[in-house]
There are 2 protein chains.
Amino acid sequence: MKPNRTTTKPRMTEQRKIVLSAVRKIRRHPTVDEVYTHVRRRLPRISLATVYRNLELLAAQGLIRQVDFARPQQRYDHRLHDHYHIRCVQCGRVDDVPIDPFSALEYDAKCCGDYRVLGHRLEFYGVCPTCQKRKDNRPPRTQKASPRLVSARVKTVNNRREGAE
Amino acid sequence: MKPNRTTTKPRMTEQRKIVLSAVRKIRRHPTVDEVYTHVRRRLPRISLATVYRNLELLAAQGLIRQVDFARPQQRYDHRLHDHYHIRCVQCGRVDDVPIDPFSALEYDAKCCGDYRVLGHRLEFYGVCPTCQKRKDNRPPRTQKASPRLVSARVKTVNNRREGAE
DNA sequence: TTGCTATCAGTAATGATTATCAATATTTTT
DNA sequence: AAAAATATTGATAATCATTACTGATAGCAA
Ligand SMILES: [Mn+2]
Ligand SMILES: [Mn+2]
Ligand SMILES: [Zn+2]
Ligand SMILES: [Zn+2]
């Protein structure tokens with residue numbers, strides 16, 4: 001097959017370079033906003049969107065890593081005992097992992113800093129059986145939230161229009 | 001001191017009971033929306049806000065647990081090797097935990113389901129040294145984001161008012 | 001009953017992230 | 001180099017989960 005013509009390698013732009021160096025300089029696991037603030041010292045006109053874009057791209061390239069998981073929606077568990085979870089990176093499904101929790105780890109962590117350690121969470125990630133079956137690797141994306149409040153009564157205020165329909 | 005007069009025990013209301021039983025029935029780590037949808041079959045007029053409130057309260061009481069961590073903002077890491085983190089439950093600060101990663105864990109996880117295991121994350125939580133010093137336990141909350149875009153030029157469109165001020 | 005608080009439904013506001021889009025910048029082709 | 005193709009940017013709007021607010025009820029104690 002011919003080499004995909006619509007795909008080219010990402011360029012290492014000035015903005016991208018500076019965003020990368022910011023993450024490296026700040027060190028302590030910065031949030032997007034912290035990166036943004038830092039970068040603006042050198043590029044006062046950079047857009048926040050550009051920071052988001054470049055962070056995502058740099059992470060995709062493996063030049064930086066995302067610390068957090070489990071983004072858009074919070075999940076709840078009816079099981080109260082300590083146990084671990086595995087999350088499907090494709091669809092977001094979460095299942096239990098029945099291996100014994102080790103409290104020794106918390107002890108180990110003590111030696112690292114002056115934190116008072118309260119506990120730990122261990123989460124595996126992978127591809128769930130359902131998503132493995134699906135041949136194509138189109139992102140099924142985390143299921144959308146249920147449509148909001150299709151209540152019987154409909155609001156009738158302020159429904160005048162400005163433009164056309 | 002006199003017993004705090006403004007504080008009373010939470011009541012186990014009908015809504016709360018049903019939210020709890022929903023989390024227990026759904027089993028597979030439901031999102032708030034899934035709980036909401038489920039509960040509405042029995043309480044069609046319940047508010048989504050009530051579901052949020054009760055889930056939070058039930059979790060605070062230890063009747064259910066939150067699965068996820070690291071909520072409002074994503075964080076980035078300049079260190080590419082596998083390592084673990086510890087997060088302050090008070091201020092959200094994140095630090096590295098310099099203990100060796102257990103690659104055996106992923107092997108252990110394999111035996112649980114049909115997931116294809118890709119990796120794991122281990123996160124400790126506790127109270128950082130800074131937050132330990134602070135005597136009061138007022139929630140310092142995760143630091144607010146930097147004020148957005150106080151650009152030189154100001155938008156002048158559509159600043160007409162409707163009511164009064 | 002009378003006050004007091006908890007809780008509710010409904011809805012607005014918040015805030016992080018994404019999407020969109022016209023304008024530039026860089027690379028590739030001619 | 002000029003033209004065409006593609007990538008990237010800044011600005012801003014849209015999304016969407018969550019939180020905050022509000023006025024109305026409900027349960028409980030004096
Ligand atoms: Mn679980
Ligand atoms: Mn780290
Ligand atoms: Zn899946
Ligand atoms: Zn702290």
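By convention in this document, chain letters (A, B, ...) are assigned in the order of the sequence lines, proteins followed by strands, and residues within each chain are numbered from 1.
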Polar side-chain atom of [X] near backbone of [Y] as donor-acceptor pair, under 3.5 Å:
X: B/Asp96; Y: B/Pro98; value: no
X: A/Arg121; Y: B/Val67; value: yes
X: A/His85; Y: A/Asp95; value: no

Whole Å only: how far is the [atom1] atom of [X] from the [atom2] atom of [N]?
X: B/Gln73; N: D/dT18; atom1: CD; atom2: C1'; answer: 14 Å
X: B/Arg42; N: C/dC8; atom1: CZ; atom2: P; answer: 15 Å
X: B/Leu58; N: C/dT7; atom1: CG; atom2: C1'; answer: 13 Å
X: A/Tyr36; N: C/dG15; atom1: OH; atom2: P; answer: 16 Å
X: A/Tyr76; N: D/dA17; atom1: OH; atom2: P; answer: 14 Å
X: B/Leu55; N: D/dT18; atom1: CG; atom2: P; answer: 10 Å
X: A/Gln74; N: C/dG15; atom1: CD; atom2: P; answer: 19 Å
X: A/Arg16; N: C/dT26; atom1: CZ; atom2: P; answer: 12 Å

Quick one: is [X] getting a side-chain N or O under 4.0 Å of the [N] phosphate, OP1 or OP2?
X: B/Tyr52; N: D/dT19; value: no
X: A/Thr13; N: D/dT9; value: yes
X: B/Thr31; N: D/dA17; value: no
X: A/Gln15; N: D/dG10; value: yes

Can you say whether a donor on the side chain of B/Arg53 sits under 3.5 Å from an acceptor on the base of C/dA9, or the other way round?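 Such a pair is found, so the answer is yes.
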
Under 3.5 Å, is there any donor-acceptor pair linking the side chain of B/Arg45 to the base of C/dG10?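 It does not, because no donor-acceptor pair links the side chain of B/Arg45 to the base of C/dG10 below 3.5 Å.
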
How do A/Ala49 and B/Leu57 order along DNA chain C: which one's closest nucleotide is nearer the 5' end?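 Comparing both residues, the 5'-ward one is B/Leu57.
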
Is it true that the side chains of B/Gln66 and A/Tyr76 contain a donor and an acceptor less than 3.5 Å apart?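 Per modelled atom types, B/Gln66 and A/Tyr76 side chains form a pair under 3.5 Å.
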
Which nucleotide sits closest to the side chain of A/Ser47: C/dC8, D/dT12, D/dT18?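 Per side-chain heavy atoms of A/Ser47, the pick is D/dT12.
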
Taking only the side-chain heavy atoms of A/Val32 (C-beta and beyond), determine which of C/dC8, C/dA9, C/dT17 contains the nearest atom.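 Out of C/dC8, C/dA9, C/dT17, the nucleotide with an atom closest to A/Val32's side chain is C/dT17.
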
NZ/NE/NH1/NH2 to OD/OE distance under 4.0 Å, B/Arg27 and A/Asp77: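 Salt bridge absent between B/Arg27 and A/Asp77.
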
